[in-house]
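To start, the structure itself, in C-alpha cells.
Indexing begins at 1, ligand by ligand and atom by atom, following the structure's order.
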Amino acid sequence: MDDLGSFTFDGQTIGFRSGESVLEAARRAGESIPSLCFDPRLKAYGSCRVCVVKINGRIGASCTTPCAPGLTVTVDDEIASLRRTLVELTGSLLPDDRLSGCPQCRLDGTCEFHRVARAVGAEPGRFAGAAGGVAHPDDNPFLGRDYSRCINCYRCVRICDEIEGDNAITARGRGFESTIAAWFDRGLEQSSCELCGQCIHTCPTGALTDRKMATKIAEVEKKTRLPILAEEIQRVESVCPYCGTGCGITLNAARGELLGITPVMDSPAADGALCVKGQYGTDFIASPDRLTKPLIRDRDPSTGLRAVGGGFREASWDEALTLVAGRLAGNLRDHGPDTFAAWASARTTSEANYLLMKFTRGVIGTNNIDNCQRT
Ligand code: SF4
Ligand code: SF4
C-alpha cells in the first residue's frame, strides 16, 4: 500500500494509506487513541465519540475523519476531559460491578470497556443512569445475552450484518430504553443466527458471553471447589482442525480441562471469525468414545463373516498396519491399481496431503485421488 501523504499528530508526522481514517493511521503509527464502537473489521460508525481529537482546531471523531494531506491533529487537556466524560456517560448504562459481576472482566482480567475507562481515567459510576435491557432467556447452550451490560455500541449488530451477513439482531427502542433484539425479540435460535459467536468477541462489555464456556467454568469450579481466576487460564494458540481454511483459535484451559475456544483476531485465515463448529465443537476432545487405538473387526470363525455394527477388538498399530498393507497389496495384485482411490483430508497438513498424493500416484500407480472438500 502506498503512502498517499502525511499529516501531523501532536507534532509527529504520520504517513497515511488509501482509505485510512485518522484513527487507523495514528494507531498504526503507535499513537494510542481510545474507542468503544470501533472494530477495525467494521465500517467506522462514530457513535461513541470516545476517539475524539482536534482536527485543525475543531473537535471531531477520528474514526470517521478520513486522512488528508496537511491535517493538524492534536490531543490536549480539553480532549482528555471530553473523552473521560463520554466514557462516564456511557458507563452510566452499566452496573458498577467490575470484576465482581462483569463476566468478561472475570475471564480476561478486564473487558474492553473497563480497560478504556481506566486508560482515560473515567469513573464509570459517576453519573446515575439506567440499563435499557435485561438478560434474554435464550434456550441455546452457546450464547448468553445480558443487555443490562450493553452500552449500545452496535458492534454486535454491525458484525452480524457486515461480516456474517446474517442480520439476526438489530437495535430497538430509544435512549435508556434502547436495546438489541433478535427477530420479533425471540431467542437467537428462532432467528437467522448461525451461532458463530462473532458478536461475543466484538462486544466491548460482558453483555454477550460464551455460555458454553461459562457452563464449563462453573462445572470445573464446582469440581475443584475454587473459583477460576483470569490469570490461571492457560491460553494456547492453535489452528482449527475442522476444515481447510485453518482459522486461528486459542484454546483456553484451566486445571487440566478445556474451558472453551476464542478466535485469534489477527489470524490471516479468518480475521477473528469462526463458524459454530470451530467456536463450540470441542466435546470430541474429552469424549470417552474417541478412538485412541486401532480397532480390528475379525471374522467369526464359525461363519467366516464379520459382525455387523460391532465385534471390534483393540489392536496394536503394527498389527493394524500389517493387515491393511496385506489387504491393499492383495487387491492391487488381483484387480489392478484403478480399484484403489484416496480421499485427502482438509484437516491434515499440506505435507501429509502431498505424501498421500505421492503414495497414490507413485506407489499405487493410479490418479484416483481427490479431496474431501469436493465430496
Ligand atoms: S452468533 Fe453470529 S449470527 Fe448469531 S447474532 Fe451473533 S454474529 Fe449474528
Ligand atoms: S451487546 Fe455488546 S456489542 Fe452489542 S451493542 Fe451492546 S455493548 Fe455493543
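Applying the side-chain hydrogen bond (donor to acceptor under 3.5 Å, both in side chains) rule to Asn152 yields no partners; only residues at least two apart in sequence or on another chain are considered.
The line from CD1 of Ile79 to OG1 of Thr74 is 7.0 Å long, rounded to the nearest 0.5 Å.
Proximity of Val236 to Thr250: side-chain heavy atoms (C-beta onward) are nowhere separated by under 4.5 Å. Counting only heavy atoms from C-beta outward, the side chains of Thr209 and Asp146 never approach each other to under 4.5 Å. You'll find the side chain of Ser62 reaches within 4.5 Å of the side chain of Cys51, heavy atoms only. In this structure the side chain of Thr170 never reaches within 4.5 angstrom of the side chain of Ile180, judged on heavy atoms. Within the 4.5 Å cutoff, the side chain of Arg149 has heavy atoms near those of the Pro103 side chain.
When each of Val52, Val53, Ile33 is checked for a side chain to side chain contact (heavy atoms under 4.5 Å, CB included) with Val75, only Val53 meets the rule.
Using cut-offs of 30° and 60° for the angle between ring planes, the Phe142 and Tyr280 rings count as parallel.
Under 4.0 angstrom from ligand 2, the non-hydrogen atoms of Cys150 come from both its backbone and its side chain.
Remark: minimum distance from atom 2 (Fe) of ligand 2 to any protein heavy atom is reached at Cys203 SG, 2.4 Å. In this structure, atom 8 (Fe) of ligand 2 lies nearest to the protein heavy atom Cys153 SG, 2.3 Å. Considering only non-hydrogen protein atoms, atom 5 (S) of ligand 2 sits nearest to Tyr154 N, 3.2 Å.
Residue Ile151 places a heavy atom under 4.0 Å from ligand 2.
Sorted by chain and number, the protein atoms of type N, O or S within less than 2.8 Å of atom 6 (Fe) of ligand 1 are Cys199 SG.
Against a heavy-atom cut-off of under 4.0 Å, Ala207 is close to the following atoms of ligand 2: 1 (S).
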